Amino acid sequence: MQYFPDQPPFTTELEPVKHELEYTFRYVKNILDGAEAGHDWHHVQRVYQTTLQLLAEEAKKNRLPEGACLLAVWGALLHDVADDKFHPETDSAAQKSVEQFIEQLPFAPDQKEGIHFLIHWVSFKNSFEDQSETLAKNASWLCALHILRDADRLDALGAIGLARAFHYGGFKNRLFFDPDILPTQFQTGAAYRKSEAPTLNHFYEKLLRLRDKMHTPSGLHLAEERHQFLLHFLRTFYKEIGHDAPPEGFELESFD
Ligand code: ADP
Ligand code: NI
């Protein structure tokens, strides 16, 4: 089975570890098959494919730092195994499982540490923390982080992003929309995670903000079309419930 394109940097970085890649696929599939549909094995496969696509496009423009490709790929596969939304307790079984899994990989300590770094920093919730730690890191970790973040965030936009948001809202038994509960600008990841607001608020609180946070030019290009799709959806939603324009507090101009 060919898991990656037959060209550098994939052939140089992934070919030598293709057996490890194969058993990482099996490990993640086994855990996330049947998980909440927005964060299941299909989400991981989409993020993996987008990561490969962004790596290939960015590699055409600039030589990627050595090791970035391997890190981004393992980050894509493992990033949601112990998602705190579904495993909120510290030292959850899922957290321990992924730690043990990374530990037994036949990689250098620096590479394993890089995978942990990616899993922590890819999360939108953790993007409320001080980012200076990420910027101090070496070029390959930072390059992998930027590509993986863009790939994961692209899956929060467009038709898939819309489906995922409403699926998660349904999973949590949330309302679609309530004109009396206005979107909030959260200051901390904990406050962001604690919110039980209707699903449309999530568009203002996260989804419509992602386009301007893209790191790579190829990620930004893909994000633009998916962002416009979300704006079109919201305007249509408001029209269908009898509003000619977005209701007060739900304006969209600043996201155009
Ligand atoms: P991360 O896992 O990167 O910290 P989030 O937990 O913010 O990111 O979100 C991952 C995805 O989960 C979102 O893109 C969305 O599909 C869904 N999600 C998270 N929080 C909400 C919410 N409050 N309402 C609807 N969907 C949500
Ligand atoms: Ni994810």
Side-chain angles (χ1 to χ4, degrees), residues 28-29 31-32 35-52 54 72-88 92 94-95 98 115 117-129 131 134 144-178 181-211 213-215 219 222-223 226-227 229-230 233-234 237 250:
V28 181
K29 181 176 191 303
I31 292 190
L32 290 183
E36 186 271 322
H39 297 82
D40 61 354
W41 169 236
H42 298 284
H43 165 65
V44 171
Q45 283 177 287
R46 289 190 300 270
V47 174
Y48 177 80
Q49 287 303 337
T50 309
T51 298
L52 294 184
L54 297 182
V73 159
W74 256 272
L77 290 175
L78 296 174
H79 81 281
D80 269 338
V81 167
D83 186 333
D84 76 288
K85 286 192 291 310
F86 306 104
H87 308 278
S92 64
Q95 182 68 38
V98 75
I115 299 172
F117 167 86
L118 291 179
I119 293 174
H120 179 81
W121 286 106
V122 67
S123 159
F124 185 77
K125 173 180 168 257
N126 294 338
S127 70
F128 290 88
E129 294 172 18
Q131 300 285 301
T134 66
L145 175 64
H146 287 173
I147 285 182
L148 176 58
R149 262 194 189 152
D150 282 7
D152 191 37
R153 290 171 180 187
L154 282 164
D155 211 55
L157 298 176
I160 291 280
L162 175 69
R164 290 179 73 217
F166 281 97
H167 190 277
Y168 186 79
F171 180 78
K172 292 283 193 182
N173 198 24
R174 305 227 170 112
L175 291 176
F176 288 168
F177 170 62
D178 181 340
I181 306 177
L182 298 183
T184 312
Q185 203 157 351
F186 295 107
Q187 300 302 322
T188 66
Y192 167 74
R193 189 60 91 228
K194 242 175 58 194
S195 165
E196 294 186 344
T199 300
L200 274 204
N201 293 34
H202 189 64
F203 287 68
Y204 295 80
E205 290 162 354
K206 174 185 176 187
L207 308 184
L208 294 174
R209 298 176 185 277
L210 294 177
R211 176 192 57 181
K213 293 179 189 293
M214 286 287 148
H215 294 287
L222 291 168
R226 299 183 190 198
H227 178 89
F229 177 85
L230 294 186
F233 161 74
L234 288 169
F237 185 99
F250 292 85

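From a predicted model like this one, the values you see are computed outputs, not experimental measurements. Both counts, for ligands and for their atoms, begin at 1 and track the order of listing.
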Can you tell me if, anywhere in H39, an N/O/S atom lies at a distance from the Ni ion (ligand 2) that is smaller than 2.8 Å?
no

Ranked by distance from atom 9 (O) of ligand 1, the top protein heavy atom is K206 NZ, 3.0 Å

Just by modelled atom types, is the W121 backbone N or O under 3.5 Å from a matching donor or acceptor in the R149 side chain?
yes

Check: A76 main-chain N/O paired with H79 side-chain donor or acceptor under 3.5 Å
yes

Ignoring hydrogens and angles, tell me if any N or O in the side chain of R153 forms a donor-acceptor pair with the backbone of M214 under 3.5 Å.
no

Name the closest protein heavy atom to atom 1 (P) of ligand 1, giving the residue it belongs to and the distance to 0.1 Å.
F124 N, 3.4 Å

Return yes if some donor-acceptor pair links the side-chain N/O of N201 with the main-chain N/O of Y204 below 3.5 Å, else return no.
no

Which ligand 1 atoms, with their elements, are less than 4.0 angstrom from a heavy-atom of R164?
11 (C), 14 (O), 16 (O)

Taking H39's backbone N and O only, do any of them form a donor-acceptor pair with D83's side chain (distance below 3.5 Å, no angle check)?
no

Presence of N, O or S from D152 under 2.8 Å of the Ni ion (ligand 2)
yes

When you measure from atom 11 (C) of ligand 1 to every protein heavy atom, which one gives the shortest distance, and what is it?
H39 NE2, 3.3 Å

Would you compute the distance between atom NE2 of H202 and atom CG of L208 and round it to the nearest 0.5 angstrom?
10.0 Å

Using a strict 4.0 Å cut-off to heavy atoms of Y192, name the atoms of ligand 1 that fall inside it.
5 (P), 7 (O)

Can you label the angle between the F166 ring and the F203 ring as parallel, tilted or perpendicular, going by 30° and 60°?
tilted

Angle subtended at the Ni ion (ligand 2) by NE2 of H79 and OD2 of D80, nearest 10°
80°

Do the non-hydrogen side-chain atoms of F124 and K213 ever get within less than 4.5 Å of each other?
yes

Of all protein heavy atoms, the one nearest atom 27 (C) of ligand 1 is Y168 CD2, 3.2 Å

The closest protein heavy-atom partner of atom 15 (C) of ligand 1 is H202 NE2, 3.6 Å

Is R174 touching ligand 1 with its side chain, its backbone, both, or neither, if touching means heavy atoms under 4.0 Å apart?
side chain

Heavy-atom distances under 4.0 Å decide this one: backbone, side chain, both or neither, for R193 against ligand 1?
side chain

Distance-only, no hydrogens or angles: does the R164 side chain make a donor-acceptor pair with backbone N or O of G38 under 3.5 Å?
yes

Could you pull out, from R149, K85, K125, the option with a heavy atom nearest to atom 2 (O) of ligand 1?
K85

For residues F128 and F186, establish whether the separation of their ring centroids is below 6.0 Å.
no

Residue portion contacting ligand 1 (non-hydrogen atoms closer than 4.0 Å) for K172:
neither

Answer yes or no as to whether an N/O/S atom of D83 is found below 2.8 Å from the Ni ion (ligand 2).
no

How far is atom 25 (C) of ligand 1 from its nearest protein heavy atom, and which residue and atom name does that atom have?
A165 O, 3.3 Å

Taking both backbone and side-chain atoms of D80, is any N or O found less than 3.5 Å from an N or O belonging to ligand 1?
no

Report the part of F166 (side chain from C-beta onward, or backbone N, CA, C, O) that has a heavy atom under 4.0 Å from ligand 1; answer both or neither where that applies.
neither

Is there a donor-acceptor pair closer than 3.5 Å between any side-chain N or O of E205 and the backbone N or O of P183?
no

Nearest non-hydrogen contact to atom 4 (O) of ligand 1 from the set S123, G189, G161, G38 belongs to S123

Please test D155 against T50 for side chain to side chain contact (heavy atoms under 4.5 Å, CB included), starting from the C-alpha separation and ending with a verdict.
CA-CA 9 Å; D155 211 55; T50 309; 5.8 Å; no

